[in-house]
Amino acid sequence: MEAVKISENIYWVGAIDWSMRSFHGYQTGRGSTYNAYLILDDKITLIDTVKHGFEPELLERIESVIDPAKIDYIVSSHVEPDHSGGIPFMAKICPNATIITSSPQGLKGLTARYGQLNYQAVKTGETLSIGKRTLQFVATPMLHWPDSMVTYCPEEKILFSNDAFGEHYATSHRFDDENDLPIILFEAQKYYANILMLYGPQAQKALQALGGLDIRMIATGHGVIWRKNIATIMDCYKKWSAGVPEERAVVVFDSMWHSTETMARCIAEAFESAGVPADYYDIKQNHMSDIITDILTAKYIAIGSPTINNQMMPTIAGFLSYLKGFQPKQKQGFAFGSYGWGGQSIGLVEDEMKACGIDIVLDKIRIANVPTAEQLQDITAKVKGLIG
Ligand code: FEO
């Protein structure tokens, strides 16, 4: 395995995780990469490591360029183990290397995980001269951990962005323009939705801080390196972090004997016939992380559940718990469902939607047993009435 040159004397030396299908619950159908970068200058610098278990791949790629023992600095952008997991291993390979981390959170996090190593903590605005090049550090707290930071090299106009602008996408091709753009943009949206959605204000702040930089390449921590579509991914981040919704709907439901399912179909078709594209998700057949990806940009959310033992279905409860964590912005929605006798689930779903921060724009729709043609017409009229 070899290093991949991304600029003069700068190499990608990361690892490709073709098999990873779950990132703590976020379904990663296309695997991922753990990107690390090697800069050859007077001081040899490694930006990030890889997830524990992938150290041999990192080492082999570094060895294809230099003797790893010669590394002077290891920049740790983020304590999460998919990037820092290889630090103890690399600290043994290059024991004289200084590990650069953010102050105070990076230092605290790395020390807690890996014990006392040769750390140097830096704050926003601090720089490190490594020879012909300079590294400027910018803290990006809560994007998505308190310790997160990015590194900018002005001589190269490269932003080493770690989790920001990345996507879980295993590929043999390192650059955006060597991959299929709609696929990487979809995966970038899925990544933003499932990892960063809660932190929109912090993302906006980070975008402002990075706004003045002249960037010709974004070397991310996951997936592709952006060099051709930098404006496109930046614009996506501006839109996603602002939470400005599109005129689209997402309908999510579970069903026991098809009545709530019939209501869901009716609701999705009503949105469609009013000119609002609707995504339709049977929670049993779809993963939450895919549904969240569409919710990121949709204006309307309808969530349905029948009643089981006086509760909503556990599938919908789990989905609402996941959604609540993101506190999605500027969403309008309503709850619906069928029931046999008590029918408590629909009110419980509505309560949870309110706790998610969703503006309830239609009173909960409850139908006993099987919806009649008249009741479905009524639902259609109510949904169409939402569209201004
Ligand atoms: Fe890719 Fe937050 O670690």
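Note that ligands are numbered from 1 as they come in the structure, with each ligand's atoms numbered from 1 the same way.
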Salt bridge between Glu350 and Lys354, side-chain N to carboxylate O under 4.0 Å?
->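 Yes, this pair counts.
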
Is any N, O or S atom of Glu80 under 2.8 Å away from atom 1 (Fe) of ligand 1?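 False for Glu80.
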
- Task: Examine His83 and say whether one of its N/O/S atoms is closer to atom 1 (Fe) of ligand 1 than 2.8 Å.
- Result: yes

#### Entry: Minimum-distance atom from atom 1 (Fe) of ligand 1 among N, O or S atoms of His222
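Output for this pair reads NE2.
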
Among N, O or S atoms, Asp82 approaches atom 1 (Fe) of ligand 1 most closely through OD2

Parallel, tilted or perpendicular, as decided by the 30° and 60° cut-offs, for the rings of His222 and His83:
tilted

Over 60° means perpendicular and under 30° means parallel, so tell me whether Tyr26 and Phe23 are parallel, tilted or perpendicular.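 Tyr26 vs Phe23 ring planes: perpendicular.
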
I'd like a table of donor-acceptor pairs (distance under 3.5 Å, sequence neighbours excluded) in which one partner is a side-chain atom from residues 98-113, with atom names and distances.
unit_1 : atom_1 : unit_2 : atom_2 : d
Ser102 : OG     : Gly106 : N      : 3.1
Ser102 : OG     : Asp147 : O      : 2.8
Thr111 : OG1    : Leu107 : O      : 2.6

The atom of Asp163 among N, O or S that is nearest atom 2 (Fe) of ligand 1 is OD2

Taken to the nearest 0.5 Å, the spacing of Tyr11 OH from Glu2 CD works out to 10.5 Å

